[in-house]
J.: 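Here it is, the structure in full.
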Amino acid sequence: MKKISRRGFNRLLGASGAAVATGLAMPAIVNAASARVVVIGGGFGGATAARYLKRFDKTINVTLVEPSTKFVTCPFSNTVIGGLKPISYITHGFDGLEAMGINVVHDLAVNVDAAKKQVKLAQGQVLSFDRCIVSPGIDFKWGAVKGATQEIINDIPHAWKAGPQTLLLRKQLEAMPDGGVFIISPPVNPFRCPPGPGERVSLVANYFRTHKPKSKIIVLDPKKKFSKQGLFKAGWERLYPGMVEYRNVDDDGVVREVLAGKKTLVTDFGEVKGDVINFIPPQKAGAIADQSGLSDGTGWCPVDQQAFESTLQKGVHVIGDASIAAPMPKSGFSASTQAKVCAAAIAEMLGGEKPGTPKFVNTCYSLVAPDYGISVAMVYGFENGKIVKVKGSGGLTPSDANDYHLKQEALYADGWYRSISTDIWG
Amino acid sequence: MKLRIPIVAGVLLASAFGIGPATAEMAPGAVLANTCYSCHGTEGKSLGAMPTIHGKPAEYLSTTLKAFRDGQRPSTVMQRITKGFNDAEIDALAAYLGQKSK
Ligand SMILES: Cc1cc2nc3c(=O)[nH]c(=O)nc-3n(C[C@H](O)[C@H](O)[C@H](O)COP(=O)(O)OP(=O)(O)OC[C@H]3O[C@@H](n4cnc5c(N)ncnc54)[C@H](O)[C@@H]3O)c2cc1C
């Protein structure tokens, strides 16, 4: 018989594979009963990793550490800010994970010790692991822009982590009089969800058009261009003519200082006053990365892009926004697809096998209006130790897409949200 | 020693269900399929607007995916996705997803 490479194969047949094996009266497929994996973070990366580890190999002992008892997603949070959906639509619990036999601990991890193979929690508990997966998302570089400190976020929300900040921005927009000015200032690259600011502008514009039509939106962007720019700008011109003023780096778009008390942003050549200001600070990997020696000088975490094992701390894997996985963007879809690859690699490594060749997909849907959706997609392969775009794949919604196409994409955006959130939290 | 059991199980499964073996350069169908679930739902069972792909036979899946890729079947996004997969990968995907319907 031809020699069969076992790479990424036996362990990964998933639920049906296990069922078939039982049908054939096979004994328990894998004996990794003693293997312990601790996952830090119950968001897109972490919760996916925990669930897929269990799907690949039920016998792995999986503990998930997450301070919150509910996770509120950033994806679709712009629909809450725009008044289209209640926050309950984007809020998920962890019952689905517990039902799979995952041990969910609601606490904050304060340190990952790769040498001792231990995670220390804020309340003193210590968890031992054979492998650890860290998916803490982002933290902000407070003070990197003058005046943009943690103290101002109750007046100037970032709403770039979903939850109370999402509701605060919504409340401020509701309280704003018609004819008011909303300013949004996205951060420099790299940051979580490149098309997120464009979608936020769109759905606030949609709210203004229907409720406060005399209002204006000013975007102060420190970059040259932004994700899906052509598609967004075409949509704004068509649906919200005259409402959005976009200023980039060449047009005095760089914010030098935030004057929270005066609701003012200071640029090189002037000051811009708003009624509601959404300042999104520059970003880095979640704090646990710095605390555990997982991040480098960039503020993000270098990993081998096959198993997402840290190149700085052996046995510790970093996925999602915190990891350096360029050319993949920092998105929930990316985090989840990376988590599946990482979980598969760990299941293989715990069984003494080598991780298989990975393949990734990302698609970011954005709503320009409730019935007007656009997307950017890409398939990624793995060559010479690096994640690479598969030539010829992916791309944007065509610029000449007709109304039916755009409406379909808006429906699919919601379909995507329902599928991925159920895939992750059950 | 324990690892011998999964090898046997793997071979049996591979031959019983026509799931092509993984090669060093190619991710197996089971791994490739995980990337589809983010849109089509876990195991391809969708709750929302995305079509359900669970329960479709392998032949249908393989033909449909290639038709998306080659532009013979119109799509909003599937052409952009399938252009990232070669024939062998599509066949592995279709075989893996297809055996779930049996
Ligand atoms: C407005 C907006 C819209 C977006 N829209 C989309 C979209 O449409 N599609 C898309 O794909 N992506 C979207 N994103 C991006 C997406 O939210 C992120 O890329 C994704 O959440 C990254 O997943 P993650 O696992 O890295 O981090 P997260 O999902 O943020 O999860 C991190 C978790 O780790 C926990 N944590 C952090 N530190 C610790 C610690 N020390 N101990 C224990 N737990 C800890 C946190 O509490 C959190 O629950 C959007 C983002 C924004 C801001």
Side-chain angles (χ1 to χ4, degrees), chain A residues 1-2 4-17 20-21 24 26-31 52 333 336-337 340-341 344 351-353 356-361 363 375 377-382 390 392-395 397 401 405 408-409 411-412 414-420 422-423, chain B residues 1-3 5-17 19-52 69 74-86 89 96 99-102:
Chain A
M1 195 205 301
K2 204 168 120 228
I4 290 179
S5 159
R6 292 184 290 119
R7 284 192 178 202
F9 181 52
N10 299 303
R11 290 174 172 271
L12 307 180
L13 289 164
S16 72
V20 172
L24 296 172
M26 283 290 167
I29 292 192
V30 180
N31 188 351
Y52 273 74
F333 199 132
S336 187
T337 189
K340 291 173 183 179
V341 164
E353 296 170 44
T357 307
K359 190 122 190 178
F360 310 87
V361 174
T363 304
S375 61
M378 186 55 65
V379 180
Y380 302 88
F382 186 73
V390 177
S393 75
T397 300
H405 180 121
Q408 285 300 110
E409 290 226 81
L411 284 173
Y412 289 140
D414 188 68
W416 166 79
Y417 184 77
R418 294 194 52 189
S419 286
I420 195 166
T422 310
D423 190 35
Chain B
M1 265 305 117
K2 290 214 165 71
L3 281 173
I5 296 163
I7 300 169
V8 175
V11 172
L12 281 178
L13 287 169
S15 51
F17 295 94
I19 310 162
T23 66
E25 315 81 54
M26 195 185 109
V31 171
L32 295 173
N34 288 331
T35 65
C36 318
Y37 299 166
S38 302
C39 282
H40 289 288
T42 312
E43 304 278 312
K45 294 173 190 163
S46 164
L47 299 166
M50 290 288 179
T52 281
R69 188 186 58 188
S75 66
T76 55
V77 76
M78 279 308 292
Q79 182 173 36
R80 291 182 267 158
I81 305 267
T82 45
K83 279 188 160 178
F85 297 90
N86 61 30
E89 288 171 323
Y96 176 75
Q99 53 93 5
K100 289 185 176 297
S101 62
K102 290 192 185 160

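Numbered from 1 within each chain, the chains take letters A, B, ... in sequence-line order.
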J.: For each of A:Ile420, A:Val341, A:Val390, A:Leu411, tally heavy-atom pairs with chain B at distances under 4.5 Å, and name the one with the top tally.
T.: A:Ile420
J.: Counting only non-hydrogen atoms closer than 4.5 Å, does B:Glu89 touch chain A with its backbone (N, CA, C, O), its side chain (CB onward), both, or neither?
T.: side chain
J.: Where do B:Thr35 and A:Tyr380 land on the side-chain contact (heavy atoms from CB on, under 4.5 Å) test, with the steps shown first?
T.: CA-CA 11 Å; B:Thr35 65; A:Tyr380 302 88; over 6 Å; no
J.: When you compare the side chain of A:Thr363 with that of B:Ile81, does any pair of heavy atoms fall below 4.5 Å?
T.: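 They are in contact (side-chain heavy atoms under 4.5 Å apart), so the answer is yes.
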J.: Roughly how far apart are A:Asp423 CG and B:Lys45 NZ, rounded to 0.5 Å?
T.: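 Here the interatomic distance stands at 12.0 Å.
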J.: Side chains of B:Val77 and A:Tyr412: closer than 4.5 Å at any heavy-atom pair?
T.: no
J.: Report which part of A:Tyr52 has an atom under 4.5 Å of a heavy atom belonging to chain B: side chain, backbone, both, or neither.
T.: side chain
J.: Please report the shortest heavy-atom distance between A:Val379 and B:Arg80, naming the atom on each side.
T.: CG2-O, 4.3 Å
J.: In terms of heavy-atom proximity below 4.5 Å to chain B, should A:Thr337 be classed as side chain, backbone, both, or neither?
T.: side chain
J.: Given side-chain contact (heavy atoms from CB on, under 4.5 Å), test B:Cys39 with A:Ser419 step by step and report yes or no.
T.: CA-CA 6 Å; B:Cys39 282; A:Ser419 286; 5.5 Å; no
J.: Do A:Thr422 and B:Tyr37 make a side-chain contact, defined as non-hydrogen atoms from C-beta onward lying under 4.5 Å apart?
T.: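 With C-beta onward as the side chain, the pair stays apart.
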J.: Tell me if a side-chain donor or acceptor on A:Lys359 pairs with a main-chain N or O of B:Ala27 at a distance below 3.5 Å.
T.: no
